[in-house]
Protein chains: 2
Amino acid sequence: MAGGERRSQILREAMNLFSKHGFRGTTTKEIAQASGVSEAMVFRHFATKEELYNAILDYKVCATGTEHPEELLREIASGKDDRFVFETLALRALEFHKSDPEFQRLLLHSALEGHQLARMFWERMVLHIYEILGNYIRERQKEGAFREVDPLVVVRAFTGMLIHHSLNNNLWDKEQTLLKISNEDAAREFTDILLRGITANKSNDNTGKSVRFKIQQPEKKSGKR
Amino acid sequence: MAGGERRSQILREAMNLFSKHGFRGTTTKEIAQASGVSEAMVFRHFATKEELYNAILDYKVCATGTEHPEELLREIASGKDDRFVFETLALRALEFHKSDPEFQRLLLHSALEGHQLARMFWERMVLHIYEILGNYIRERQKEGAFREVDPLVVVRAFTGMLIHHSLNNNLWDKEQTLLKISNEDAAREFTDILLRGITANKSNDNTGKSVRFKIQQPEKKSGKR
DNA sequence: GTCTATATAGCGATAGAC
DNA sequence: GTCTATCGCTATATAGAC
């Protein structure tokens, strides 16, 4: 078999195993067997196990980079259709994690082991999402469409719903015995909750809905209970 | 040192190391050194490494069981003060994960490694939360306080915000460079978003707020987009 | 209870033939 | 490019002295 082909085959199998058992939990022997070659072959293509792992992380991050580019994110958020923005984002995230559960596992292992993928992903993806989506929310607040609430908290809340839901499906409840719902429905419901949750009191609507809030707020700034 | 004392000391150190590096990532030698004893001592108290791990998981699950009993959960949800229910729950969850970040890491490692702690935790905690909180929501829907939406989806959304936020603080952004917020404030904001997100259209209020929704909903039940 | 010393197995990685 | 054989090391676990 040609060098490049074999290499990518080993990479694929290793990716699968690392995502299942983590870096330390996967042996080079297992990788070799899964790839149908001897251990020596693995080390011919990748000098060390660490190098193999890095190659995977690079590959995954790059592949994700093209799938989840900040450009696209920016484009989605460039409109003013709140429902479209949040629901599209949600559906894309849910579909991504569904189509590639390996990635989430790899990412988690990496974060737990303190590996660099975690940091790379954080810097390349997470920060951008918070920045772009945060800015979108901030703008809509200025326009009076969203109520006053820390945009970063809103992003945290929304990504929390999405990532936690994906994590549930990928890690905890793969058969979805507890909650079975299509990604389309989930994206819509989560968006529903969030948008109603942050829509401003005054009727100022562009989602095809007319929403009114009249709120008496005797709340203290720092709620104690 | 007395047997029981030494045993619990080893258990503590092992817990710390396992939470940091996972099962396979932690060596018995490290555990012994951290405990200030020889490796032989570790194996005197725990026949195998696996047994030590199980002891930890048992301990953690039991300790958590007393901290997070379903009774308390039920009691919290027995009232009809929506804000109190959700905010108290949120604050407790956030405080718990903050006070014991080890647990979340241990749980995650366990889930990734397919260990039994994950299943135990799922059955003892997660199912109860979904059941009890889901029932609460269902009741409030019957009373017309909450709009019609799958209660399980609401629980998923809310727990998603909380767990993901804790995970961020414990795993990804320990210094909270991206979003620094007290647990009290976070609990309040998340509750705010959720409650506004699921409050019914008609004014039917018991949270000290008067809320009005007027919504034209040409939505299909199973949304395709 | 605690240690040193050791058994045994599996790991990552290499040598060298083909 | 691919293999078998093997090295050096570290891992879990045990034996036996004190």
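Naming: A, B, ... by sequence-line order, numbering from 1 per chain.
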Using atom [atom1] of [X] as one end and atom [atom2] of [N] as the other, report the distance to the nearest whole Å.
X	N	atom1	atom2	answer
A:Glu50	C:dA13	CD	C1'	14 Å
B:Met41	C:dT2	CE	P	4 Å
B:Arg24	C:dC11	CZ	C1'	13 Å
A:Gln33	C:dG10	CD	C1'	13 Å
A:Glu39	D:dC3	CD	C1'	12 Å
A:His21	C:dC11	NE2	C1'	16 Å
B:Glu30	D:dT12	CD	C1'	13 Å
B:Phe43	C:dT6	CZ	P	18 Å

Donor-acceptor pair between B:His45 and B:Arg7 side chains, under 3.5 angstrom: no
Options [options], nucleotide nearest the side-chain atoms of [X]:
X	options	result
A:Val37	D:dC3, C:dG12, C:dC3	D:dC3
B:Ala40	C:dT4, C:dT2, D:dT2	C:dT4
A:Arg6	D:dT2, C:dG12, D:dT14	D:dT2
A:Arg44	D:dT2, C:dA13, C:dT2	D:dT2

A:His115 and A:Phe23 aromatic ring geometry - parallel, tilted or perpendicular at 30°/60° bounds: tilted
Closest approach of B:Tyr53 to B:Leu106 (non-hydrogen atoms, all atoms of both residues): OH-O, 4.4 Å
Partner of A:Phe158 by ring-ring contact (aromatic ring centres under 6.0 Å, His included), out of A:Tyr130, A:Phe86, A:Tyr136, A:Phe190: A:Phe86
Phosphate OP1/OP2 of D:dT2: any A:Ser38 side-chain N/O under 4.0 Å: no
Validation row: B:Leu73, B:Leu133 side chains within 4.5 angstrom (heavy atoms): no
Touch class at under 4.0 angstrom, heavy-atom based, for B:Thr27 against every strand present: sugar-phosphate
